[in-house]
Structures are given as structure tokens and as C-alpha cells.
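Residue numbers start from 1 in every chain, and the chains themselves are labelled A, B, ... in the order their sequence lines are given, proteins ahead of strands.
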Amino acid sequence: DTGVSQDPRHKITKRGQNVTFRCDPISEHNRLYWYRQTLGQGPEFLTYFQNEAQLEKSRLLSDRFSAERPKGSFSTLEIQRTEQGDSAMYLCASSPPGGGNEQYFGPGTRLTVT
Amino acid sequence: GQNIDQPTEMTATEGAIVQINCTYQTSGFNGLFWYQQHAGEAPTFLSYNVLDGLEEKGRFSSFLSRSKGYSYLLLKELQMKDSASYLCAAFKAAGNKLTFGGGTRVLVKP
């Protein structure tokens, strides 16, 4: 049983650089979410996809952030011109079609901006 | 807006019971999730309450009162491996959005 996978698990980058993270949801899960979590806090919602459509986007997602899910399977989250405040754990979650609302989380990508 | 409050930290002894309270004020509410998160790991699902009342699942139980905007997670017969953060999250069906509290770090001592 393959869970949600994320790549890379860790990323260290210099301020001003662009980074891209990938999320592969559980097979046949049509709903996909991105969250950001800083130390000692709960995850904060960033964006939500149903199939390839981005249906919800948080105000936290500034113009430097963009997410895609072109074929309704894997998703990418790109951060342009990274800032030190972007340092966080970026979590991806997915949930199956139908009424089940439980979200299954991946292991996350830990971003450190120096 | 959304506001989820839960205590920051709790300490309990192995074998004991701990109750983690969560209060929420949300615009649009469809249910309440509890997740467990060990340090450096992903959150894992514990429970989901839609209706008022208590739901029991082994050593863990979760309670919801929609009229009071209140939930709790009850952990019984605590084990050392239960040391983790417990996240309360309000679910809003419009947008499939989970709004998390800050998490309660539970430390189980021998």
C-alpha cells in the first residue's frame, strides 16, 4: 500500500533562489492539498486541487508561490525568489473521491532558506 | 475567520488518562478531525466527528459538541509511544479545507 510521497525530503537553498517540490498522492485519490507547517505550529492550508483544477487557494499563497497538477495525478509546488520566512515543512495530503473527508499526509519536504 | 484553540503542552504518566480540549470558532463547519504527529513525521489520522457525542476507537475516544464549538480527545492507558503532538482541525466542506490548531504536545513519563 503506497502512501503519499514527496520529493525531495529536505532542501537547503539560498535566499533568492527558486525551488520546486513534488507530491505523488495515493493512487486514485483525486483530491490533493498543500500545507505549510512551521516548528511548534499546526499545518496551514495553502491550496487544494480536485483532479487538475485548483479550487481553493489561501491568502498565504503569495505571488511567489504557484502550484500545479497538470494531469490530475502528481502535483508540484514552486516557490520563486525564496525568503528566509519560507523556511518550513511543506506537507502534501490527498483524499479519495466520494464523501470520505480524511486527508492522508505525506512525509513532507523540509525547506531551509539560508 | 477561523480560530482553533488547544493547550500547548500536557504531561501525563504512563498508564494514566489524558484529555486534550479543543475549542473552535469557524465560518462554515462540517466536522472535527484529530491527528497525531510524532516529531519530524507526517500527521496521521485518529478520528473524525460530524455528529455530537462520543466516538470510541480502542484507547482513543473523541467527543464533539457543535453547539458549544468544543471537542476533546481522550487518551486512555497511556503508553510511552503516545508522546506526540495532537492536532485538532475543523473541516469545512466548501473548499475541502482543514484548519488546524497549533497542536498539543503530550509528554508521557514513566
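Of the listed residues A:Met89, A:Gln37, A:Arg110, the one with more heavy-atom pairs under 4.5 angstrom with chain B than any other is A:Gln37. Among the candidates B:Lys97, B:Arg105, B:Glu41, the residue making the largest number of heavy-atom pairs closer than 4.5 Å to chain A is B:Lys97.
Interface remark: B:Leu98 contributes backbone and side-chain atoms alike to the contact with chain A (heavy atom separation under 4.5 Å). Within the 4.5 angstrom heavy-atom criterion, no atom of B:Gln6 approaches chain A. With a 4.5 angstrom heavy-atom cutoff, A:Glu44 does not touch chain B via any of its atoms. In this structure, no portion of A:Leu55 lies under 4.5 Å from any heavy atom of chain B. The contact between A:Pro107 and chain B is made entirely by backbone atoms, counting heavy-atom distances below 4.5 Å.
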Show your working on side-chain hydrogen bond (donor to acceptor under 3.5 Å, both in side chains) between B:Asn21 and B:Tyr70 and close with a plain yes or no. CA-CA 7 Å; B:Asn21 297 323; B:Tyr70 168 68; 2.9 Å; yes
Please determine whether salt bridge (charged side-chain N to carboxylate O under 4.0 Å, His left out) holds for the pair A:Arg22 and A:Glu68, giving the CA-CA distance in whole Å, both sets of side-chain angles, and the decisive distance to 0.1 Å. CA-CA 10 Å; A:Arg22 176 179 170 126; A:Glu68 294 183 344; over 6 Å; no
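When each of B:Ser71, B:Ser65, B:Ser62 is paired with B:Asn49, the side-chain hydrogen bond (donor to acceptor under 3.5 Å, both in side chains) condition holds for B:Ser62 and for no other.
Under the 4.0 Å criterion applied to side-chain N and carboxylate O atoms, A:Asp86 and A:Arg64 are assigned as salt-bridge partners.
Checking side-chain atoms of B:Lys92 against main-chain N and O of B:Ser27 turns up a donor-acceptor pair under 3.5 Å.
The aromatic rings of A:Tyr90 and A:Phe21 are tilted relative to each other, their planes meeting at an angle between 30° and 60°.
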